[in-house]
Structures are given as C-alpha cells and as structure tokens.
Peer 1: 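One structure is given below, represented as structure tokens, and several questions about it will come after.
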Amino acid sequence: MTISKEQWKGIQNTLGDLYCQVKFTLPSGEVISVMKSFISENKTALIVWIDDTRCEAWGWKEHDEYRPLTELVWRRKTYKPGASIIRRASKTRDGQRWLKQKENAYVHEVVEYRVCYFSTAALLVSQYRKIDGLELLTPLSEVMKDAG
C-alpha cells in the first residue's frame, strides 16, 4: 500500500515532535526506523536506523562495510578535500594558472558520502517520497493524529 499525500503530511508533523518514532519497511525487507533525538547539547536531528542498527562506515563507498541501501534512506553530503589548497592558490596569478592545469584537476574533486541524520522532517519526507514500495509500519492512528 502506497503512502498518501495526507499520510506524508502526518508523518512530517509527527517527526516534528520531540521524542517521536516512525517505522517503514522497504520492499527488500529492511525495517527503517526514524527517531528524533539530541545529537548535541541543544541540537536535535532525525536519526535513521536500518534494522535497529547503524554504522557511520555504511555511508562511505570507499569503505569495506559500505551498504548501497544508505543511498536511499540516508542524507547525501559532499565535501572538497582540496578546498583549502584552492583558496590559497587562487589568491595569486601563478596559483590560478596552476589550478587550471590538467594534472592538478584532482584538487577540484568532490567526495560524496551519506550521513544517518536529517535536520528537518521536510527534508526526510521529500527524499522518502521517491522510494518505490516504501510502506509505513507505524500505526496510522499515531501518524495521523498530528495531520491537520
């Protein structure tokens, strides 16, 4: 059963509350749990658990423990390892010339990885809406109480 637009609105409202939990199942059988909790002293986030476990290494393609499933259910992040080199080199004319050379293209590379948390419920819902075959495990009565 697909999740309706009203149900997604209810899920988003439920995930906006503190200490909430919503569970989904994927067609492959994994259970995805989303819980809001503190990630620092005064900052909350929606933490995504896969079968009630998580490992930061799952989000890195270069790592042995990489799980392709994280591309569906975790948030995408990127960074440029060479950003500080680019900033320093672009301040001089020789540095700008050096940055344009083909053999130095590695400095412009972008590394992509996945993190197991979302800062807002809207971000999570917009990503999860695109997953085919995603089913809601949490009782509808819990999710729809806040839709309105």
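Values below: all heavy atoms of this structure, side chains included; hydrogens, waters and symmetry mates excluded.
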Peer 1: Quick check on the hydrophobic clustering: are L26 and M35 connected, directly or via other members, by side-chain heavy-atom contacts under 4.5 Å?
Peer 2: no
Peer 1: Once rounded to the nearest 0.5 Å, what's the spacing between atom CG of L136 and atom NZ of K23?
Peer 2: 12.0 Å
Peer 1: Could you give all pairs that pass the side-chain hydrogen bond (donor to acceptor under 3.5 Å, both in side chains) test and reach residues 101-111, with sequence neighbours left out?
Peer 2: Q101-N104
Peer 1: Are Y113 and I47 connected in a single hydrophobic cluster, I mean Ile/Leu/Val/Met/Phe/Trp/Tyr linked by side-chain heavy atoms less than 4.5 Å apart?
Peer 2: yes
Peer 1: What's the spacing between K9 NZ and K5 NZ if we round to 0.5 Å?
Peer 2: 8.0 Å
Peer 1: side-chain contact (heavy atoms from CB on, under 4.5 Å) with K43: which residues, sequence neighbours excluded?
Peer 2: I39, S40
Peer 1: Going through the checks in order, is the side chain to side chain contact (heavy atoms under 4.5 Å, CB included) test met by I11 and Y128?
Peer 2: CA-CA 11 Å; I11 290 167; Y128 279 37; over 6 Å; no
Peer 1: Between A121 and L15, what is the shortest heavy-atom contact and its length?
Peer 2: CB-CB, 3.8 Å
Peer 1: Determine, step by step, whether W58 and T53 satisfy the side chain to side chain contact (heavy atoms under 4.5 Å, CB included) criterion, reporting the C-alpha distance in whole Å, the side-chain angles of both residues, the deciding distance to 0.1 Å, and the verdict.
Peer 2: CA-CA 11 Å; W58 292 350; T53 57; 3.4 Å; yes
Peer 1: With clusters defined by side-chain heavy atoms of hydrophobic residues (ILVMFWY) lying less than 4.5 Å apart, directly or transitively, does W60 cluster with V115?
Peer 2: yes
Peer 1: Can you tell me how far apart OG (S119) and CG (L124) are? Round to the nearest 0.5 Å.
Peer 2: 10.0 Å
Peer 1: In chain order, what residues pass the salt bridge (Lys or Arg N to Asp or Glu O under 4.0 Å) check against D94, with sequence neighbours excluded?
Peer 2: R97
Peer 1: Let me check something: do W8 and V34 share a hydrophobic cluster, defined by ILVMFWY side-chain heavy atoms less than 4.5 Å apart, either directly or through other members?
Peer 2: yes
Peer 1: Given I50 and I32, is the side chain to side chain contact (heavy atoms under 4.5 Å, CB included) satisfied, shown in steps?
Peer 2: CA-CA 5 Å; I50 301 170; I32 306 300; 4.0 Å; yes
Peer 1: Among the clusters formed by ILVMFWY side chains lying less than 4.5 Å apart, do L134 and V22 turn up in the same one?
Peer 2: yes
Peer 1: Which residues pass the ring pair (Phe, Tyr, Trp, His ring centres under 6.0 Å) test with W98, not counting sequence neighbours?
Peer 2: none
Peer 1: I'd like to check the side-chain contact (heavy atoms from CB on, under 4.5 Å) partners of T120; sequence neighbours left out, ordered by chain and number.
Peer 2: A122, L123
Peer 1: Tell me which donor-acceptor pairs under 3.5 Å the side chains of residues 61-68 have, and how far apart each pair is, sequence neighbours excluded?
Peer 2:
from : atom 1 : to  : atom 2 : distance (Å)
H63  : ND1    : E65 : N      : 3.1
Y66  : OH     : E71 : OE2    : 2.3

Peer 1: Scan for salt bridge (Lys or Arg N to Asp or Glu O under 4.0 Å) pairs involving residues 45-58, sequence neighbours excluded, and state none if there are none.
Peer 2: R54-E56
Peer 1: For L72, what residues pass the side-chain contact (heavy atoms from CB on, under 4.5 Å) criterion, not counting sequence neighbours?
Peer 2: L69, I131
Peer 1: So do the side chains of V111 and P81 get within less than 4.5 Å of each other, counting heavy atoms only?
Peer 2: yes
Peer 1: Any side-chain hydrogen bond (donor to acceptor under 3.5 Å, both in side chains) involving residues 73-93? Give me the pairs, sequence neighbours left out, ordered by first then second residue.
Peer 2: R76-E112
Peer 1: Mind checking what makes side-chain contact (heavy atoms from CB on, under 4.5 Å) contact with Q127, not counting sequence neighbours?
Peer 2: F118
